[in-house]
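Labels below follow one simple rule: chain letters A, B, ... track the order of the sequence lines, proteins then strands, and each chain is numbered from 1.
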Amino acid sequence: MAEEKLLKRGIYCGELRQEHEGEIVTVYGWVNSMRLLGGLTFIDLRDREGLLQVVVNETFAAPALLKEIGKETVLTVSGRVVKRAKPNPDLPSGQVELVAERIDILASSAVPPFVPEGRGAVSEELRFKYRYLDLRNPGMQRNFRMRSQANLRVRNFLDREGFLDIETPMLSNATPEGARDYLVPSRIYKGKFFALPQSPQQFKQLLMVSGFERYFQITRCFRDEDLRADRQPEFTQIDIEMSFAGADELFAIIERLMREVFALRGIEVSLPFRRLPYREAMEKYGTDKPDLRIPFQIEDFTAAAAAWGSDLINGALERGAKVKGLVIPGAGGWSRKQLDEVNETARKLGGKGAIWMRRAEDGFKSSLKIAPYAIAALYEERKIAADALVLLVADAELPALILAGRLREHLGRDFQDKKRLEFLWVTDFPLFFYNEEEKRLDSNHHPFTAPRPEDIPLLDSQPLAVQAIAYDLVLNGVELGGGSRRIHELALQKKVFQLLGLEDREIEKRFGFFLNALNYGAPPHLGIALGFDRLLMLLLGEDSIREVIAFPKTTSSLCLLTGSPSTVSQRQLDELGITVKK
RNA sequence: GGGGUCGUAGUUCAGCUGGUUAGAACGCAUGCCUGUCACGCAUGAGGUCGCGAGUUCGAGUCUCGUCGGCCCCGCCA
């Protein structure tokens with residue numbers, strides 16, 4: 001078959017303007033819609049830059065040709081650009097139209113299951129199945145254009161700041177800590193496995209030992225864990241590491257990077273970002289990634305609650321419970337039904353329920369059996385606005401804070417200013433937490449995180465009191481990224497591995513190469529990794545990272561387009577020395 | 001692993017306390033129509049009610065199981 005002769009495209013459909021009037025042009029595109037008026041036909045032709053109205057006169061084309069054209073047919077049209085008698089103000093190209101002098105069908109299309117315009121009107125299931133059609137949607141086209149631009153801008157910025165883009169292996173070792181690994185069987189060494197990287201952590205530290213001083217990579221990471229709106233099994237990180245610098249210097253670079261990226265949408269980011277120690281974040285917001293757009297925070301009512309004379313509360317207090325609460329402005333007028341729903345929500349979020357208090361028309365009321373004057377006294381003493389709702393939870397301190405935090409997040413949605421950006425550094429994380437299941441210490445961040453120098457003496461005596469030089473970047477309640485200063489001294493790294501309960505043999509086997517590297521002049525270094533997909537989601541105002549990933553997986557980790565994961569042939573399994581358990 | 005929610009025409013949905021022939025809109029097909037841009041008008045086709053079992057004289061509707069989408073908890077160093 002002879003190759004089709006495609007005329008050189010001079011201009012995109014969506015780019016035609018009044019200034020092109022009178023020109024003869026050739027455009028390529030997909031039929032977005034058609035309007036047949038008998039002897040006259042209008043075709044809205046779409047390419048990546050937008051729509052253009054093509055006029056087809058009866059005198060020009062045989063009706064047979066038009067019969068073959070339908071939605072999503074691929075056409076090339078040549079003709080003259082003319083000014084419209086009646087412009088369409090809704091179309092950027094609406095001042096002009098193209099009078100067809102030649103039309104060729106380059107590809108026909110079956111009737112599509114949905115049209116590219118209707119992203120919100122189609123189930124996500126169908127969008128996944130026909131992702132290539134879904135991606136024709138102008139909003140999706142915008143998202144991926146923005147993704148491309150953001151990627152370039154991050155690269156250019158980091159290049160200017162002296163960072164080198166260095167690739168690290170995708171095939172490496174499984175890690176004993178952290179998320180579940182995706183394993184890749186070795187054909188040559190049967191029974192041995194590579195793992196896809198959860199992050200390039202060790203490699204980027206080795207690059208610091210190698211003396212590159214400033215490294216970055218925009219790279220794919222893999223974690224075999226359950227999915228969420230902001231979690232996919234493979235995702236992209238902006239990975240950064242630098243030597244001979246402190247956290248303040250790193251923070252400043254990341255802050256400027258954020259300003260750079262958000263400028264793509266004309267959004268001004270004010271610097272520097274707020275900083276909040278982890279402890280304070282938990283106390284005020286019940287989470288380590290608070291959404292600062294919500295205009296109320298968690299308050300402590302433990303001392304006040306002792307005076308209420310409630311058997312329920314008193315019993316809880318005797319068991320060491322704390323009473324944490326939210327004062328929600330203007331919510332005092334919520335209906336009984338709404339308040340019941342709040343209580344139900346508290347249960348669904350993993351709590352026992354929530355107590356409410358408010359001032360009704362006929363005096364103070366509460367779902368807790370306490371005297372109205374006690375509530376009145378509380379409102380008076382705490383200077384709570386008369387129209388505010390008080391929501392309380394009683395539990396051990398941490399669960400109470402977490403539940404109150406979740407309620408704050410849930411109920412605060414209506415109070416958020418969607419346009420506001422609240423960046424936040426959460427700092428001073430504990431180095432370890434106690435893993436109840438495994439009955440041992442676990443790293444809060446990862447095992448390479450450095451403790452504060454002044455806390456090193458506490459490692460043996462009070463390991464849980466040791467603070468790390470670790471930080472998370474949070475934007476509007478989403479964890480955008482996290483990082484830390486790394487341990488660069490062999491002895492300290494060994495010590496931390498031991499505290500994590502790793503056997504010496506295991507340390508040697510898994511991390512021997514790494515510890516060895518620390519023997520040869522490892523510079524002090526620190527770094528951070530930012531979730532590129534999450535960053536784009538927030539930049540574009542999307543609710544899910546699936547909207548910024550071209551071919552994402554469903555929440556049960558399936559690809560509805562390709563059907564992966566799928567079985568493989570017995571021959572492939574044999575070659576790898578793998579037997580599948582039934 | 002657990003909780004919630006959804007699954008009916010190509011699509012988005014309606015379908016009451018179980019009852020005769022499962023509807024609407026858009027899309028699609030055919031015809032008419034020379035200034036439409038959500039074109040209009042007329043006619044028509046199109047359904048294993050996700051799948052399987054059960055209860056019942058009778059199931060889109062009730063029960064159980066199962067598969068799939070989404071949200072959340074656990075998990076995500």
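A:Phe514 and A:Phe448 have their aromatic ring centers within a separation under 6.0 angstrom. The aromatic ring centroids of A:Phe235 and A:Phe222 lie 6.0 Å or more from each other.
When the nucleotides B:G35, B:A38, B:G1 are ranked by their closest atom to the side chain of A:Asp226, B:G1 comes out on top.
At a cut-off of 3.5 angstrom, counting only N and O atoms as typed in the model, there is no donor on one side facing an acceptor on the other between the side-chain of A:Arg228 and the base of B:C70. Judged by distance alone, with hydrogens and angles left aside, A:Arg231 brings a side-chain donor or acceptor within reach of the base of B:C76, the pair sitting under 3.5 Å. Contact annotation: side chain of A:Asp44 to base of B:C37, donor-acceptor pair absent below 3.5 Å. Donor-acceptor pairing under 3.5 Å, judged by distance alone, is present between the side chain of A:Glu97 and the base of B:G35. Looking at A:Arg347, its side chain has no donor and acceptor atom pair within 3.5 Å of the base of B:C73.
Both A:Asp543 and A:Glu225 sit near RNA chain B, but only A:Asp543 has its closest nucleotide nearer the 5' end. Along RNA chain B, the nucleotide nearest to A:Thr554 and the one nearest to A:Leu227 differ in position, and the one closer to the 5' end is contacted by A:Thr554.
Remark: the separation of the C1' atoms in B:U12 and B:G31 is 28 Å, to the nearest Å.
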TODO: Begin with the C-alpha distance, continue with both residues' side-chain angles, and end with the deciding distance and a verdict on salt bridge (Lys or Arg N to Asp or Glu O under 4.0 Å) for A:Glu21 and A:Arg80.
DONE: CA-CA 8 Å; A:Glu21 189 188 336; A:Arg80 186 175 297 274; over 6 Å; no

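In this structure, A:Lys71 reaches the B:C28 phosphate: one of its side-chain N or O atoms is under 4.0 Å from OP1 or OP2.
Rounded to whole Å, atom P of B:C39 lies 14 Å from atom CG of A:Leu40.
A salt bridge is absent between A:Glu97 and A:Lys83; no separation between the charged side-chain nitrogens and carboxylate oxygens falls under 4.0 Å.
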